[in-house]
2 protein chains.
Amino acid sequence: MTNDPMRLKRVSITDVAKAAGVSPATVSNALNKTRHVEAETLDRVMRAVRELGYVPNAAARRFRTGRANSIAVFSSMPAPVAAGPSKLGFLMEIAAAAAEAALHHGLALVLVPPVPNAAQVLRDTSIDGALLIEPSADDPFGQILRDRNIPTVTIGDSGGSDMPCIQFDYPLMARLMLDHLRDAGAREFLLVVGSSKRATHAAMRSAYLAQAEATGMTPHVLELDEELGEAGATRMVAEILRDRPGVDGIMSPVDAFASGALQAVRLAGRRVPEDIRVITRYDGARAREANPQLTALNLKLDRVARLAIDRLIIEIAGGVGPATTPAPAPALIVRPSTVIA
Amino acid sequence: MTNDPMRLKRVSITDVAKAAGVSPATVSNALNKTRHVEAETLDRVMRAVRELGYVPNAAARRFRTGRANSIAVFSSMPAPVAAGPSKLGFLMEIAAAAAEAALHHGLALVLVPPVPNAAQVLRDTSIDGALLIEPSADDPFGQILRDRNIPTVTIGDSGGSDMPCIQFDYPLMARLMLDHLRDAGAREFLLVVGSSKRATHAAMRSAYLAQAEATGMTPHVLELDEELGEAGATRMVAEILRDRPGVDGIMSPVDAFASGALQAVRLAGRRVPEDIRVITRYDGARAREANPQLTALNLKLDRVARLAIDRLIIEIAGGVGPATTPAPAPALIVRPSTVIA
DNA sequence: CGATCTCGTTAAAACGTTTTACAGGCGTCG
DNA sequence: CGACGCCTGTAAAACGTTTTAACGAGATCG
């Protein structure tokens, strides 16, 4: 019924109007309930809609109203440590929960993986708002989103911008990891962070250094380009293990680095966790499938994603909301990489 | 520069035209390279664009051209067995790879999780095409997509429709699983399938029955509503294990069912794999994080997703492509749930 | 009873872009 | 030299919807 053989022109609101004997404006009002229309008229309109199989042109509507009914989720974490086809990570976990939450508010979620030409999404498709995951201080997506003033909520940390943020408690995360390493018996441990300007690295580093000073431990900080990914971590950590035989613990906020470190330990012929304990922050596929499985933090990303969507809705509506919303407290998940089963 | 204090009206193509002293049409042609414009004119236009900070209105463009520059990925697998915030699955794995591939072609990917109001995405946002994952014969999304004649590529099986398809080799999948179970020593095994009309269930069932007949094995098929998810599988499989003490193997195309079955075996006080071997089809988080880890198939979903995107591009362009494209052959991943380490 | 208000409806404008049809200039060919 | 074609540019239409301003009819009020 709805489409005739020769791929006819789609039926428009004026066709409906004509069929129902009313004006296009009335049809619009009837469908969107923007103004009251008399019951009898409404009925005629609805019947015409049904008979003609009218379905509103989303593109035209979006054009006219300026509302896109969709939001995007970005992450500037480079591919080697973020999502990859087989290594679903942070981004995808948030995307899954966010998509569901967004849909609940009538918004579609467009998924923007960390590839070089990702910014073109902002040029070629219209979105009402964006989620930005753990931006660095000089985040490229952050720049563009701000320039276009697209309502944006950041997840983790605002990266120094004034965008609203679902704030991770980085100090608490660091403390959980540090304390657990000590409790597990480590006395001299290595911190592996990324070299980007992300809050997670900075916070982890300062908490680590503070603790080192307090306990008199000699600090070892390895700073790694995130592009190097897991293999890079293996290589660099192996070097350190050779130079600093006293190291008996490794912590990293980046799961790819931790899992790379695990490799390095194995290659060095040391045992996990007996000789060296390894702990990471993000409990993703890498942590759970490592051998031995990695102790990590439950970041409760599904709840974080929902909070972010809720906050973004406010922002899009032009309402005023809190500059930062605290994320739920992370919880330690103890696994065999730090304690003997 | 780009936005003045009082949140001024966005600069449009006519503003640029005025500033450059040309017509809007020329600006359009200059930007899109639809026609040649003289070098000197082009230069004036580009300068004006830069100075005014013009950025084309994606919504208007999409409205005018009818191209949305985005595609959607749907799965009608109910939430209990498909993606969930913490159980990233089939859908998300394909989405991740598809998003990357799509972006490569200048298309954004909108992620449509299996929630009740998912169909509204088709009403409220415009898309050029869709990916539909393993549709059942009476798939609700399939219906709508066909009605609206939105170019669609199905993944796995076309669900009886005439949509182009990246075809899984279900018989081969079944054979790999059946043969491996036998090789691992199982002699009387149980097949757990969903009750929906999906090709995977039908193919698995018929291969199973054929093999049973050929080898003289008494067949046990458990058909389960997909909505029941993992817990439902545990309950029902437990019952069967009680009634049929001879069962020494369990296979299921659905990872949630297999992992539920694993629970049932444990509850029954039987050992995996010594007493009962368990094998599943989809190698997702559930399979890899189960205890013991589940033997499964590598479906090479990243390559499947890329194939699907390539095929969809053709379909959107109105070109003619193959009705079915074979997916790469699956490969068995042997894990402790079927053989002793 | 005239003025004012409310209610349902409508005509027309507006959104920003691409595209179509045309115009003028200039070179080329017959 | 006229006809024709090519090249660069432009005016105007078109896309389908929402929104604004206005309109007529009836009700209400002074």
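The sequence lines fix the lettering, A, B, ..., with proteins before strands; numbering per chain opens at 1.
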Taking only the side-chain nitrogens and oxygens of B:S12, find out if one of them lies under 4.0 Å from OP1 or OP2 of C:dG16.
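Indeed not, no polar side-chain atom of B:S12 lies that close.
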Establish, with yes or no, whether the OP1 or OP2 oxygen of C:dT17 is under 4.0 angstrom from a side-chain nitrogen or oxygen of B:T65.
no
Do A:S126 and A:R62 have side chains that get closer than 4.5 Å, going by heavy atoms?
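Side chain of A:S126 against side chain of A:R62, heavy atoms only: contact under 4.5 Å found.
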Residues [X] and [Y] bridged, charged N to O under 4.0 Å:
X	Y	value
B:E51	B:R47	no
A:R67	A:D128	yes
A:R198	A:E226	yes

To the nearest Å, give me how far apart [atom1] ([X]) and [atom2] ([N]) are.
X	N	atom1	atom2	result
A:N32	D:dG16	CG	P	17 Å
B:N29	D:dT10	CG	P	10 Å
B:K33	D:dG9	NZ	C1'	17 Å
A:D15	D:dG16	CG	P	9 Å
B:R67	C:dT18	CZ	P	13 Å
B:K18	D:dA11	NZ	C1'	15 Å
A:E38	C:dC7	CD	P	12 Å
A:R10	D:dC15	CZ	C1'	12 Å

Closest to the [X] side chain: [options]?
X	options	answer
B:R61	D:dG9, C:dA13, C:dT17	C:dT17
B:R35	D:dT17, C:dT9, C:dA21	C:dA21
A:T26	C:dT17, C:dT9, D:dG9	C:dT9
B:R64	C:dT18, D:dT18, C:dA11	C:dT18
B:S28	D:dT17, C:dT18, D:dT18	C:dT18

B:F63 aromatic ring stacked with six-membered ring of C:dT17, 5.5 Å and 30°
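The ring of B:F63 is not stacked on C:dT17.
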Checking side-chain contact (heavy atoms from CB on, under 4.5 Å) against A:L131, which of A:I155, A:T154, A:L91, A:V112 comes through?
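Only one of A:I155, A:T154, A:L91, A:V112 forms a side-chain contact (heavy atoms from CB on, under 4.5 Å) with A:L131, namely A:I155.
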How do B:A60 and B:P24 order along DNA chain D: which one's closest nucleotide is nearer the 5' end?
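Result: B:P24.
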